[in-house]
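Below is one structure, written out as structure tokens; comments come after it.
Scope of the values below: all heavy atoms of this structure, side chains included, with no hydrogens, waters or symmetry mates. Numbers here simply count residues along the sequence, with the first being 1.
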Amino acid sequence: MTDLLIKNATLPDGRTGIDIACNKGLITGLEPGITTEAGQEIDAGGLLVAPPFVDPHFHMDATLSRGTPRMNVSGTLLEGIALWGELKEIQTIDMIIERALAYCDLAVAKGIGAIRTHVDTCDDPLTGVQALLQVREQVKPYLDLQLVAFPQDGVLRDPTAMDNTIRALDMGVDVVGGIPHFERTMADGTASVTALCEIAAERGLMVDMHCDESDDPLSRHVEMLAFETTRLGLQGRVTGSHLTSMHSMDNYYVSKLIPLMVEAGLHALPNPAINIMLQGRHDTYPKRRGMTRVRELRDAGLNVGFGSDCMMDPWYSLGQADMLDIAWMALHVGQLSSMDDMRWCFDAVTENSARIMGLEGYGLAIGKPAHFNLLHASDPIDAIRQRATRLKVVRAGKVIAETPAPIAALSLPNRPGSANPIV
């Protein structure tokens, strides 16, 4: 007897006709032809079953606040930061909790099983920290929520940010964050990387640094992040987020930089939709779009994931908590168009991003938690192409969200003279 049995699934690695048995919250069988009584049996019909989507970079303390207290007229990163400062003055713990829980419900319905969210530590009451610590506990049964202590206004630039960041970590925030390119000088940015990495090393924590999020080709903070990671023995625990200045750097410097990042074992984390929206705002034409060098980082051996960053907040007015949207955008902007590239984009919003967060027990294997999605798609590429409906979202062997299949059939009969079915 088993609690849940999924029949005839296709897995991301290409295996077909696979049955998945789940009992007491764990995967207990993963092979063709499982015969056992089940409390619930679901026929996947050959469709794709995949591990949960993972969003390793988000700002939940700001989400769903669009238009409060005003809109970002210029569309720039800097106006967004200024607007966020105005919003912090008027929002309450309850307001943040209400918005965050609404977002988490949407994210789970879209098949997201884990989110790393940055939370601002540049307000003395630590309103966002207090709110998201509560949210983390409330959503724990159905969502892994990891918090990053993020001094949005600069840990050295803001007079109380360092103390507040340490207080946030003492309160139970999981990861050390920073924003060196927003410090007053390049030297202060460098000093902030050193100070924050030393705090992480002392506490045995991971680091996720907003790094070089600008169009400035001379921004050099990820170089310092790689150095401190190696010096302090933090390899595998440090993420450089955004890295948009690499889009503008000259090729010679990048040929030196990427090997340093590889040596340090950094994770690289672009946020495609937001990076291309915010960067290049001072350009006429040719116009830079700002996403980092995804292909080069990946091919050098770095672990690269994709984050969504924002939804309906001071920086970005759109979004729908859909990591397939993010993969679709990255695929286009990064010109990742080969079959292998497109499959890899699916990995970037699942397995790669799970590695960034250090998620234990992630994936489809016997003995691991029975967390997965049944998608209305035939394979990972089809899932990205269609932004496939999440037919079933399973957590610990229980269906926690369902969405009806689209009315259109998955595939139509071949056209005359066509070798392949089309949608």
Side-chain angles (χ1 to χ4, degrees), residues 2-23 25-32 34 38-55 103-115 139 141-144 308 319-328 342-343 345-347 349-351 353-354 362-365 368-412 421-423:
T2 193
D3 296 330
L4 174 66
L5 180 62
I6 308 294
K7 298 290 289 183
N8 190 24
T10 294
L11 302 188
D13 62 11
R15 285 180 287 168
T16 60
I18 301 298
D19 298 343
I20 306 170
C22 310
N23 200 45
L26 301 177
I27 296 174
T28 55
L30 191 72
E31 60 183 307
I34 295 176
Q40 181 180 10
E41 183 173 314
I42 297 171
D43 182 5
L47 298 178
L48 180 65
V49 171
F53 296 113
V54 177
D55 186 353
Y103 181 83
C104 288
D105 285 346
L106 176 60
V108 168
K110 291 287 188 177
I112 295 176
I115 300 173
V139 303
Y142 57 91
L143 180 68
D144 294 319
S308 71
Q320 56 175 345
D322 191 339
M323 296 311 295
L324 287 175
D325 264 355
I326 300 304
W328 186 90
M342 291 189 285
R343 290 188 191 94
C345 286
F346 191 88
D347 294 341
V349 294
T350 52
E351 296 175 8
S353 289
Y362 180 86
L364 298 178
K368 292 188 176 183
H371 306 337
F372 49 81
N373 300 319
L374 171 59
L375 304 174
H376 193 255
S378 58
D379 57 43
I381 296 173
D382 192 41
I384 295 174
R385 182 181 69 83
Q386 298 193 81
R387 269 80 89 221
T389 300
R390 287 64 161 169
L391 300 173
K392 309 283 184 185
V393 177
V394 175
R395 178 83 172 185
K398 296 181 180 179
V399 177
I400 61 171
E402 299 181 83
T403 304
I407 295 174
L410 182 64
S411 61
L412 299 177
I422 60 170
V423 173

If every non-hydrogen atom of Asn373 is compared with every non-hydrogen atom of Pro51, which pair is closest and at what distance?
ND2-O, 3.8 Å

With the threshold set at 4.0 Å, does a side-chain nitrogen-carboxylate oxygen contact exist between Arg395 and Asp144?
yes

Looking only at heavy atoms, what is the nearest atom pair of Asp322 and Leu324, with distance?
OD1-N, 2.9 Å

Rounding to 0.5 Å, atoms OG1 (Thr16) and CG (Leu47) come to a distance of 12.5 Å

Using a 3.5 Å distance criterion without hydrogens, assess whether the side chain of Asp19 forms a donor-acceptor pair with backbone atoms of Pro32.
no

What distance separates Thr350 OG1 from Phe372 CZ, expressed to the nearest 0.5 Å?
15.0 Å

Rounded to the nearest 0.5 Å, what's the gap from CD1 on Ile115 to OH on Tyr103? Could you check?
5.0 Å

Counting only N and O atoms by type, is there a donor-acceptor contact under 3.5 Å from the side chain of Tyr362 to the main-chain atoms of His371?
no

Taking NZ in Lys368 as the centre, count heavy atoms belonging to other residues, nucleotides or ligands within less than 6.0 Å. Is the count above 12?
yes

Side-chain donor-acceptor distances from residues 39-46 under 3.5 Å, at least two apart:
| residue | atom | partner | partner atom | Å |
| --- | --- | --- | --- | --- |
| Asp43 | OD1 | Gly45 | N | 2.9 |

Taking all atoms of both residues into account, what is the closest heavy-atom pair of Cys22 and Thr28, and its distance?
N-OG1, 3.9 Å

Between Tyr142 and Asp105, is any pair of side-chain heavy atoms under 4.5 Å apart?
yes

Are any non-hydrogen side-chain atoms of Leu4 and Val394 less than 4.5 angstrom apart?
yes

Without swapping roles, check the side chain of Arg390 against the backbone of Lys110 for a donor-acceptor pair under 3.5 Å.
yes

Quick check: do Pro12 and Leu48 have side-chain heavy atoms less than 4.5 Å from each other?
yes

Spatial distance of atom CD1 (Ile112) from atom CG (Leu143) [nearest 0.5 Å]:
8.0 Å

Does any non-hydrogen side-chain atom of Ile384 lie less than 4.5 Å from one of Cys345?
yes

Are Met323 and Ser308 side-chain neighbours, meaning at least one heavy-atom pair lies under 4.5 Å?
yes

State, to 0.1 Å, how close Ala388 and Leu375 come at their nearest heavy-atom pair, and which atoms those are.
CB-CB, 4.3 Å

Output the distance between atom NE2 (His376) and atom OG1 (Thr403), rounded to the nearest 0.5 Å.
11.5 Å

Stepwise side-chain contact (heavy atoms from CB on, under 4.5 Å) check, Ile6 with Leu374
CA-CA 9 Å; Ile6 308 294; Leu374 171 59; 5.7 Å; no

Taking all non-hydrogen atoms of both residues into account, name the closest pair between Ala401 and Val108 and its distance.
CB-O, 4.4 Å

Does Thr389 reach the main-chain N or O of Ala405 with its side chain, forming a donor-acceptor pair under 3.5 Å?
no

Are the side chain of Lys7 and the backbone N or O of Ile34 linked by a donor-acceptor pair below 3.5 Å?
yes

Can you tell me how far apart CZ (Arg385) and CD1 (Ile381) are? Round to the nearest 0.5 Å.
10.5 Å

